Amino acid sequence: MPVSNLDPPTSNLQPLKPMAALTITHLSTGYHHREVLHRVSLEVRAGEVVVLVGPNGAGKSTLIRAASGVVPATSGSVRFDGVDLLRLSPIERARQVAVVPQAVNLPEAFTVSEIVLMGRTPYLGWLGRESEADREAALAAMERTCTTELAPRRIGELSGGEQQRVLVARALAQSAPVLLMDEPTAHLDLKHQVVILSLVRDLAHKEGLTVLAALHDLNLAAQFADRAALLVNGELRALGAPADVFTPAHLAPAYGLPVNVIPHPTHGTPLILPDGVERKDISGIRGT
């Protein structure tokens, strides 16, 4: 069956209720007294997928971390449904926001089912025991991410791509209305890139999930994003539909090389084709 026809499996995962937008206002933060984000303002509506793009070091991962409360903000706010997420306790915030991090060292001795069940932690009682509803939510998340067959395997036995799908399953098991994703397709083959991004888009469009994701692959972003946000040097340079953001006028100065943008022959979405880089320019990239 062609990859383009792959659909994520259905399950009994409960639909998420549409809620107010995720609103990031004048958000600034950094590391070791160096500011990385400069007063970034961005809104992601319920039922929408907004993809962060930009060159290395632009601040995409930092924005995801700051919005999730992992990195403290030096100024600004992150609100959802009128509540300042950064003022919530970690447990309260975890009931509102699920995160798929870019890289994480999962405990190798744990099984996949145990890792996915960790997504239910914000809902456990004082005894810390999972209920039948928790196990059903975890199973539904594994079904949707094609990880059910991995359930009994230990994390240390999995490939990087399989571990990435487990991280997505853990986030979906959390049943939070906001999903923040930092390079969710890292380590995934072409088939599973399409499966995961199709699933995320369906969760947004059909079940009201609010999704903010950072992606390096501009062509994947163009195909799956409702809107794109271009970050350069910690500043928001462009925000809008992929066709409006993915233009040579925006991308060439952001990435430092000429690009051609043509309509995708099947989808009609922007198809980004970088021009060749001169050999003298490559030497600087290699550090020679």
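Model, not experiment: these values are computed from the prediction.
By the side chain to side chain donor-acceptor pair (under 3.5 Å) test, Arg95 is found to be paired with no residue, residues two or more places apart in sequence or in another chain being considered. With sequence neighbours excluded, the residues that form a salt bridge (Lys or Arg N to Asp or Glu O under 4.0 Å) with Arg237 are Glu235. A search for ring-ring contact (aromatic ring centres under 6.0 Å, His included) contacts involving His264 returns His267, not counting sequence neighbours. In this view, Asp226 and His205 satisfy the side chain to side chain donor-acceptor pair (under 3.5 Å) rule, not counting sequence neighbours. With sequence neighbours excluded, no residue forms a side-chain contact (heavy atoms from CB on, under 4.5 Å) with Pro263. Partners of Ala214 according to the side-chain contact (heavy atoms from CB on, under 4.5 Å) rule, which considers only residues two or more places apart in sequence or in another chain, are Leu52, Lys60, Ile64, Asp182. By the side chain to side chain donor-acceptor pair (under 3.5 Å) test, Glu35 is found to be paired with His38, residues two or more places apart in sequence or in another chain being considered. Residues that satisfy the side chain to side chain donor-acceptor pair (under 3.5 Å) test with Glu149, not counting sequence neighbours, are absent from this structure. Residues meeting the side-chain contact (heavy atoms from CB on, under 4.5 Å) test with Ser77, sequence neighbours left out: Thr25, Arg79, Asp84.
When every heavy atom of Ala66 is checked against every heavy atom of Thr29, the shortest pair comes out as CB-CG2, 4.0 Å. In terms of heavy atoms, Gln164 sits closest to Glu183 at NE2-O, 3.4 Å.
Counting only distance, with no hydrogens or angles, the side chain of Arg170 and the backbone of Met118 share no donor-acceptor pair below 3.5 Å. Not one N or O on the side chain of Gln223 forms a donor-acceptor pair closer than 3.5 Å with the backbone of Leu220.
Through chains of ILVMFWY side-chain contacts below 4.5 Å, Ile262 is grouped with Leu271, Leu273. Counting Ile, Leu, Val, Met, Phe, Trp and Tyr side chains that sit under 4.5 Å apart, directly or through other members, Leu117 stands alone, with no cluster partners.
The closest side-chain donor-acceptor pair between Tyr123 and Ser131, if any, does not fall under 3.5 angstrom.
Among pairs with a residue in residues 106-115, those fulfilling side-chain hydrogen bond (donor to acceptor under 3.5 Å, both in side chains) read Thr111-Ser113, Thr111-Glu114, at least two apart in sequence or across chains.
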